[in-house]
Amino acid sequence: MNDPSALTSAPVLDIVIPVYNEERVLERSVRALHTHVHEALPFATRITIADNASGDATRWIGMRLAATLDRVHFVHLPEKGRGRALRTAWLASDARVLAYMDVDLSTRLDGLAALIAPLLSGRCDISIGSRLAPGAHVTRSLEREVISRTYNLLLRSVLHAQFRDAQCGFKALRAQVAHDLLPMVRDDGWFFDTELLVTAQRCGLRIHEVPVAWVEDSDSRVNIPRTVVTDLRGVVRLLAETAPAPAALRSQAAHPQEVR
Ligand SMILES: Nc1nc2c(ncn2[C@@H]2O[C@H](COP(=O)(O)OP(=O)(O)O)[C@@H](O)[C@H]2O)c(=O)[nH]1
Ligand SMILES: [Mg+2]
């Protein structure tokens, strides 16, 4: 149970929900997540709805939810881009652990505790949901399965990625890590996740993968051909960039901290 006396203090965890034209599911998902965090997480948790340029009723539903539910915030950005929404909401947050999850709740909510626990105990710097790790239960179309496996194979062979699933919409990291890492991440769209993880790995940060139970929602904002092209361009850019890690990140990697 969250402590009601702590409603105005900084939460331990901030879960950002990036949304673009999600009037259909926004209210149902936020209410389900709100109930879950209050019942299942033993620390103060905020939910931040981060909308970019939605043209439907998303903005008004988000504002109403923020006015109605405790510890639910709403931010609106005029320009599109999921990475932009995550970057902005994370950098503005005063929570010690920052997370995000897709609004369609494709990941089962009971995976949240397993995602956050290794960050709170200091066992890792970034914790990511994985549909390709042993123990994951995934229901999705053959097309998305093939694209996902091919893309992640490419990341492993070309960029030497040590993580299995770059694109699962379920990730968390320590706030200090986000503040140090995000200035090095340039992409503001779908490639943001990959760039964040590859940059973290290059800085020697510890990435922990949590197998998830995932049921794909076929209502998608992804334009697959366009996203494949921008992802491949992003991979080529990261291949060409091998900037050294800033000292702050190197020392975090060398001296991992427990989050209190
Ligand atoms: N803030 C923001 N969120 C976005 C944008 N594009 C997609 N999203 C959100 O990103 C999440 C994942 O999108 P979705 O279409 O389910 O992706 P898929 O599951 O990979 O097909 C959802 O919560 C979307 O509303 C965007 O431009 N801005
Ligand atoms: Mg989805």
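Everything quoted here is computed from the prediction, not taken from an experiment. When a ligand or atom number is given, it counts from 1 through the structure's own listing order.
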Around ligand 1, what residues show up once you keep those with a heavy atom under 4.0 Å from it?
P18, V19, Y20, E22, A50, N52, K80, G81, R82, A85, D102, V103, D104, R144, W190, S220, R221, V222
R46 and D94: CA distance, side-chain angles, deciding distance, salt bridge (Lys or Arg N to Asp or Glu O under 4.0 Å) verdict:
CA-CA 10 Å; R46 179 192 298 139; D94 55 359; 2.9 Å; yes
Could you walk me through whether R186 and E241 satisfy the salt bridge (Lys or Arg N to Asp or Glu O under 4.0 Å) test, starting with their C-alpha distance in whole Å, then the side-chain angles of each, then the deciding distance to 0.1 Å, before giving a yes or no?
CA-CA 12 Å; R186 279 167 44 192; E241 287 172 5; 2.7 Å; yes
Criterion salt bridge (Lys or Arg N to Asp or Glu O under 4.0 Å) on D102 and R82, from CA distance to verdict
CA-CA 10 Å; D102 291 347; R82 190 170 77 145; 2.8 Å; yes
In D104, the N, O or S atom nearest to the Mg ion (ligand 2) is which?
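D104's closest N, O or S atom to the Mg ion (ligand 2) is named OD2.
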Between the side chains of R140 and S148, is a donor N or O closer than 3.5 angstrom to an acceptor N or O?
yes
Given Y100, which partner from the list D14, T48, D193 fulfils the side-chain hydrogen bond (donor to acceptor under 3.5 Å, both in side chains) test?
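In the set D14, T48, D193, the residue that makes a side-chain hydrogen bond (donor to acceptor under 3.5 Å, both in side chains) with Y100 is D193.
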For the residue pair F74 and H76, does the interplanar ring angle fall in the parallel (under 30°), tilted (30 to 60°) or perpendicular (over 60°) class?
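Parallel: the ring planes of F74 and H76 meet at under 30°.
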